[in-house]
Amino acid sequence: MRIASVAKLRHLWLHNRVARDVLIIAALIGPLLGTAVYFDLFDRFADFAWAHESWKIDEIAATIFFLGLGGFLFSIRRVLDLRAAEMAA
């Protein structure tokens with residue numbers, strides 16, 4: 001019985017991209033957050049951006065953030081459009 005459950009989990013892992021992606025992201029969040037807190041990365045970035053104000057690094061970082069947010073919202077809209085098209089078909 002145990003072998004069947006392991007085979008089922010392996011099948012889900014290999015064939016269910018959503019579950020695999022969620023598990024990978026969840027596994028990466030902890031170490032990345034721990035590293036950022038340990039090295040105090042945001043304050044280092046802020047100090048660097050302040051020291052090099054003429055480079056406009058803070059504006060570039062904000063632009064990248066908002067582009068990512070816009071891409072996320074765009075993907076949600078596309079998923080909703082896809083679901084509506086599937087329902088209509």
Side-chain angles (χ1 to χ4, degrees):
M1 189 65 145
R2 178 161 166 76
I3 293 174
S5 64
V6 170
K8 186 176 180 181
L9 286 174
R10 184 168 185 255
H11 174 75
L12 284 174
W13 174 257
L14 293 174
H15 297 288
N16 191 345
R17 290 175 41 194
V18 174
R20 183 179 60 231
D21 291 350
V22 167
L23 288 173
I24 290 170
I25 290 169
L28 290 175
I29 286 175
L32 289 175
L33 179 62
T35 301
V37 169
Y38 181 78
F39 290 110
D40 206 14
L41 293 180
F42 180 77
D43 287 338
R44 287 179 181 222
F45 173 75
D47 292 342
F48 182 80
W50 185 260
H52 300 87
E53 180 61 33
S54 64
W55 293 4
K56 303 296 184 193
I57 295 172
D58 50 344
E59 285 85 357
I60 293 170
T63 301
I64 291 170
F65 171 77
F66 285 114
L67 280 172
L69 182 61
F72 176 71
L73 294 174
F74 182 79
S75 68
I76 289 174
R77 301 253 337 227
R78 296 296 68 85
V79 168
L80 294 175
D81 290 345
L82 178 62
R83 286 184 183 170
E86 286 177 346
M87 296 290 274

Positive for side-chain contact (heavy atoms from CB on, under 4.5 Å) with Phe39, one of Leu41, Val37, Asp43
Leu41
Hey, does Ile57 have a side-chain heavy atom less than 4.5 Å from the side chain of Phe45?
yes
Taking atom CG of Leu28 and atom OG1 of Thr35, what is their separation to the nearest 0.5 Å?
10.5 Å
With a 6.0 Å cut-off (strictly less than), is the heavy-atom count around CZ of Arg78, excluding the residue itself, greater than 12?
yes
Would Val79 end up clustered with Met87 when hydrophobic side chains under 4.5 Å apart are linked, directly or stepwise?
no
Please tell me if the side chains of Arg20 and Asn16 come closer than 4.5 Å, counting only heavy atoms from C-beta onward.
no
Kindly confirm or rule out a cation-pi arrangement of Arg44 over Phe48, judged by NZ or CZ under 6.0 Å from the six-membered ring centre and within 45° of its axis?
no
Should Phe74 and Phe66 be regarded as members of a common hydrophobic cluster, given that ILVMFWY residues are connected when their side-chain heavy atoms come within less than 4.5 Å of each other, either directly or indirectly?
no
